[in-house]
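Right, one structure below, let's go through it.
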Amino acid sequence: MKDGQTDGQRDRQTDGQLDDTGPGPTSPPRAERPAAANAALGAAGIVGFLALCEAVSRFGIVSGDYFPPLTRVADALVTELGDRAFWTALGDTLTGWALGLAIAVTAGILAGVVIAVVPFLREATASTIEFLRPIPSVALIPLAVLLYGSELRSVLLLVVYASFWQMLIQVLYGVQDVDPVAEETARSYGLGTWARVRHVLWPTALPYVMTGVRLAAAVALILAVTAELVIGAPGLGQRIAVAQTSQAVPEMYALVVVTGVLGLLINVGARAVERRALAWHQSVRGEVVV
Amino acid sequence: MRRLLIRLAAGTVFVAATACGSSDSSGSGGEEKGSGGTTTVKVGVVPVMDVAPLYLGQKQGFYSKRGIKLETSLAQGGAAVVPGVVSGQFQFGFSNTTSLLVAQSKNVPVKAVANGASSTAKDGADFAGLTVKKGSPFTSAKQLEGKKAAVNTLNNICDTSIRESVRKDGGDPSKVEFVEMPFDQMPAALDRGQVDGACTPEPALATVKAAGGKSIASIFYDVDPNLTVAMYFTSQQYAQKNPDVVKRFQEATAESLKYADSHPDEVRQILTTYTKIPDTLLDTLTLPRWPAEPDRDSIERLTELGVQDGLFTEAPDLDKLLP
């Protein structure tokens, strides 16, 4: 419902700019009905999934000792939520995620722009990037432990390494996408360096950058939790690991559910940021109108 | 365009350089010396029952009264602890004896400083066992010939010990097939028949027993009734530079071990603070024994078995490793 409203607002905002697309009377009913249907379908999907989880262990398809029914997991989750240490762990995980993502996004944008606009650098780094990019971040765990022990910094190393490439590749494509005519036009109108970055390069690259941010945000969360789980840095991952070694199965699944919800929220948040930043862009406008 | 590029490039190089610089300068942290003669030491431990004395000693003030401020850092398995100690991120660590023997044989500069945990010296009632599931036809180690046994790490203390149990039972240990999986997954794997036997310490052992399974061999007991299963260790460099801290840590740990050994109820209590072992299992756990000193004879026996199993390319030097 909320979604529908914001869409409507943006519709009106962008109205002035697009004279030819006429988002007139056809769009509201078409946009609303699918939204309601979507919400119902989404809810049905969740309920179905939860029922399946409950049934699988209730009917003994897998042993309830190792995959506890949902009600027991929910029970454990409530206990977790009442534990101060849980919130500290959640904070630790989010800190690692946010810091790592911020570093990766900044570094990715800077490095991407520089590499993309200097033909010499692009040639020189292409093979190196293709070599480094597929290296799984988790393979660097021994290195992280050696350098930083089981601290936030080793989490950051893994998070930044994984999400940096997501950003970099997107930025590389984005900057290459700059229309040479637009660039030359800006130049002939006497726009300075920063003006051209601001008005030509940045708007062209922004959709790519936003896609990169969204991908990197998800990858960063996965890596933050993985690093905590494997290395033992403080956070949700470490709590999952402790629950595992303690044979506290419902608690473990409760924490797994928390990471899932966290991922969901992050994705929703990233999409919201993307839509807001690209409200003017065809891809987002298209989503509203069609 | 060119000028733009140059400026951007310069900016990026600057940012990259400062970023590297800052991480380097702070990378060598973890050194000691606090206020009022208190030394802060970081100990890399695994969230298992065996390290309960450390937490208990911390609570009882055995470390603080010797001027040591203990900071425990939970790591997942010795794989993270050993490099952490060697690189100086942790001043001390907890690891099983075979891992330390392997490290020593490869000239990794580790130095054991205190006992970690020992076999209970009671056959059939140890804190780890070779377990089988409920209704399993296997009743002794020998029957595992040609079958699958789960261990947490291949070529480590678990398979060495299981081989010895099979050998002592009159079987051929080379016929046992070992597969690697984390301890916590073993009860489920046994139940589903993915493995026939498993090397399970507590609390996985309690889970297996609660599900109707049983231990058919006390594998650590079979190596040596007094087997030193794990030890606290430091790096050779740290031991040389800080003999005084090491000595105080040893004394405090010895007192903690002794205290834990004679106060099992408090051990079970402290377990609830750093593990999540469910109440239902807590009371049924078989605790290890915590003698103050590592048992050299048992470690020699473990070394012999390791040599026999080909764990080492060069035999470890116990004089260099042990305190």
Side-chain angles (χ1 to χ4, degrees), chain A residues 62-63 65-67 76 80 103 106-107 109-115 117-121 141-151 153-154 156-157 160 183-184 187 192-194 196-197 201 228-234 237-239 241-252 255, chain B residues 1-13 15-16 19 23 26-27 29-30 42 44-49 73-77 79-90 182-185 187-189 191-192 202-207 210-211 271-272 274-278 281:
Chain A
V62 289
S63 162
D65 288 340
Y66 309 120
F67 187 76
E80 275 296 318
I103 297 173
T106 315
I109 291 176
L110 289 176
V113 169
V114 172
I115 292 173
V117 290
V118 185
F120 163 74
L121 270 183
I141 283 176
L143 179 69
V145 172
L146 200 64
L147 289 176
Y148 301 129
S150 59
E151 287 176 27
R153 276 179 293 170
S154 40
L156 284 183
L157 178 72
V160 171
E183 168 68 21
E184 289 308 319
R187 192 182 284 275
T193 310
W194 288 113
R196 268 180 285 129
V197 170
L201 195 151
E228 292 159 3
L229 192 70
V230 179
I231 300 174
Q238 190 203 52
R239 262 179 105 74
V242 170
Q244 265 177 3
T245 48
S246 301
Q247 298 284 308
V249 185
E251 285 79 1
M252 184 194 85
L255 289 162
Chain B
M1 195 69 182
R2 177 140 302 155
R3 220 181 309 149
L4 154 74
L5 302 181
I6 291 170
R7 285 195 206 173
L8 279 174
T12 313
V13 169
V15 168
S23 64
S26 52
K42 262 197 197 169
V45 297
V46 192
V48 293
M49 182 182 71
S73 195
L74 289 182
Q76 272 308 97
V81 176
V82 174
V85 168
V86 172
S87 69
Q89 299 294 331
F90 307 134
F183 287 133
D184 51 85
Q185 289 169 20
D191 239 21
R192 304 214 53 169
E202 298 285 15
L205 179 60
T207 307
L271 282 176
T272 60
Y274 71 94
T275 74
K276 286 175 165 284
I277 298 176
L281 296 182

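Reminder, nothing fancy here: chain letters follow the sequence lines and each chain counts from 1. As the structure is a prediction and not an experimental result, all values here were calculated from the model.
Neither the backbone nor the side chain of I115(A) comes within less than 4.5 Å of any heavy atom of chain B. Only the side chain of L281(B) has a heavy atom closer than 4.5 Å to any heavy atom of chain A. For P182(B), no part lies near chain A; criterion is any non-hydrogen pair under 4.5 Å.
Counting all heavy atoms, side chain and backbone alike, T275(B) lies closest to V242(A) at CA-CG1, 3.8 Å. The nearest pair of heavy atoms linking Y66(A) to T207(B) is CE2-CG2, 4.4 Å.
Of the listed residues (Q247(A), Q238(A), Q244(A)), the greatest number of heavy-atom pairs within a distance under 4.5 Å of chain B belongs to Q247(A). Annotation: maximal heavy-atom pairing with chain A below 4.5 Å, among V85(B), D191(B), L271(B), occurs at D191(B). Counting heavy-atom pairs closer than 4.5 Å to chain A, the top-ranked of the candidates S73(B), S87(B), A211(B) is S87(B).
Counting heavy atoms from C-beta outward, E183(A) and R196(A) have side chains that approach closer than 4.5 Å.
In this view, E80(A) and R239(A), K276(B) satisfy the salt bridge (charged side-chain N to carboxylate O under 4.0 Å, His left out) rule, not counting sequence neighbours.
In this structure, the separation between CD on E151(A) and NZ on K42(B) is 4.0 Å, given to the nearest 0.5 Å.
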